[in-house]
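Just below is one structure, and these are the notes that go with it.
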Amino acid sequence: MTRRTGRRPGKPGTREAILDAARTAFAERGFDAASIRAIAGAAEVDPALVHHYFGSKDQLFLTAMDFPVDPAQLVPKVLAGDRDGAGERMVRIFLGVWDSPSGSAAQALLRSAVSNEWTARLLREFVTTQVLRRVLENLDVDPAELPLRGSLVATQMIGLAMMRHVVRLEPVASADPETLVAAIGPTIQRYLTGPLPG
């Protein structure tokens, strides 16, 4: 029996090789343009091994990001209920993740993104493709407005995380989550569904 050449078999180190290749691909090409086949090629494994270890491209991305929760489980909660309450629900769910013990991984990612362009690209792709796009595409807004709306939401949400968990600006750092939901939710709602200037 002859052994196949050119591809690394599944063995210790394969999973990490795939993750390294995935992080590079997602940072350099973005989530949409990075393919499982290209990631497998860079890791010198068969694409079937990528699916074996990670299931889907979404799951590979989440694992590569080391994010504590799967947005696919959170986005439906943002969208559950009336359209006009999406902003408050988004802030509430966001704080629930970032304020929890598992939020420390997200905080570390944010700190790293501030000083590392490669990590910033990964965070940008994560926020854009895994969270904001999924929410906005379900809110029945003009598709041409999605990039601007998503960017505006990101300024508030990432700014909130930065001030609450990295800079620890008071009274935001110790504020009751519902106080922040009431204060920031309407702004997020306006960015999600309200009229845009111009």
Side-chain angles (χ1 to χ4, degrees), residues 23 26-27 31 61-142 145-198:
R23 288 183 188 108
F26 290 135
F31 177 81
F61 189 43
L62 289 176
T63 306
M65 289 294 297
D66 194 25
F67 207 74
V69 294
D70 183 350
Q73 296 174 355
L74 301 180
V75 169
K77 295 177 183 177
V78 173
L79 299 170
D82 65 281
R83 184 177 189 252
D84 293 337
E88 286 191 358
R89 289 190 300 273
M90 180 177 265
V91 176
R92 186 174 291 114
I93 291 165
F94 180 85
L95 287 170
V97 171
W98 284 78
D99 291 355
S100 72
S102 62
S104 58
Q107 294 167 31
L109 179 64
L110 182 58
R111 284 186 179 93
S112 179
V114 171
S115 60
N116 184 298
E117 176 56 27
W118 186 77
T119 307
R121 287 183 200 167
L122 284 175
L123 180 61
R124 187 166 50 243
E125 282 298 308
F126 177 79
V127 169
T128 302
T129 65
Q130 303 300 303
V131 181
L132 297 175
R133 182 193 298 169
R134 291 179 179 191
V135 170
L136 285 163
E137 286 179 345
N138 286 281
L139 288 178
D140 193 31
V141 296
D142 182 348
E145 296 176 350
L146 295 183
L148 178 57
R149 288 184 183 278
S151 295
L152 290 171
V153 171
T155 64
Q156 296 299 301
M157 303 303 273
I158 298 300
L160 173 58
M162 180 68 75
M163 292 300 111
R164 187 165 171 86
H165 293 288
V166 178
V167 178
R168 297 190 182 279
L169 177 68
E170 291 294 353
V172 169
S174 60
D176 178 73
E178 285 304 311
T179 299
L180 297 175
V181 168
I184 299 169
T187 300
I188 298 299
Q189 187 67 45
R190 183 166 55 89
Y191 291 157
L192 289 172
T193 61
L196 294 174

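Any value given below was found using the heavy atoms of this structure, including those in side chains, with hydrogens, waters and symmetry copies removed.
- With hydrogens and angles disregarded, a donor-acceptor distance shorter than 3.5 Å links the side chain of Arg23 to the backbone of Ala64.
- Interatomic distance, CZ of Arg190 versus CG of Leu196, reported as 9.0 Å (0.5 Å rounding).
- For the atom pair CG (Leu152) and CG (Leu192), the distance works out to 10.0 Å, reported to the nearest 0.5 Å.
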Checklist entry - Where do Leu139 and Leu79 land on the side-chain contact (heavy atoms from CB on, under 4.5 Å) test, with the steps shown first? => result CA-CA 8 Å; Leu139 288 178; Leu79 299 170; 3.9 Å; yes
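- For the pair Arg121 and Glu125, the salt-bridge criterion is not met [side-chain N within less than 4.0 Å of a carboxylate O].
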Checklist entry - Would Arg92 and Lys77 satisfy side-chain contact (heavy atoms from CB on, under 4.5 Å), going step by step from the backbone distance to the final call? => result CA-CA 10 Å; Arg92 186 174 291 114; Lys77 295 177 183 177; over 6 Å; no
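- A salt bridge links Asp99 with Arg164: the closest approach of a Lys/Arg side-chain nitrogen to an acidic carboxylate oxygen falls below 4.0 angstrom.
- In this structure, Gln189 contributes its side chain and Ala86 its backbone to a donor-acceptor pair below 3.5 Å.
- The CD atom of Glu145 sits 10.0 Å away from the CG atom of Leu136 when rounded to the nearest 0.5 Å.
- Expressed to the nearest 0.5 Å, how far CG of Leu180 lies from CG of Leu95 amounts to 5.5 Å.
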Next on the checklist: Walk me through whether Leu132 and Arg149 qualify under side-chain contact (heavy atoms from CB on, under 4.5 Å).
Outcome noted: CA-CA 9 Å; Leu132 297 175; Arg149 288 184 183 278; over 6 Å; no
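- Atom-to-atom distance recorded for Leu109:CG and Phe126:CZ is 8.0 Å, nearest 0.5 angstrom.
- Here Leu74 contributes atom CG and Ile93 contributes atom CD1; the two are 6.5 Å apart, rounded to the nearest 0.5 Å.
- Ring orientation note: the planes of Phe31 and Phe26 are close to parallel, at an angle under 30° on the 30°/60° scale.
- Contact detail for Trp98 and Gln107: the closest heavy-atom pair is O-NE2, 3.1 Å.
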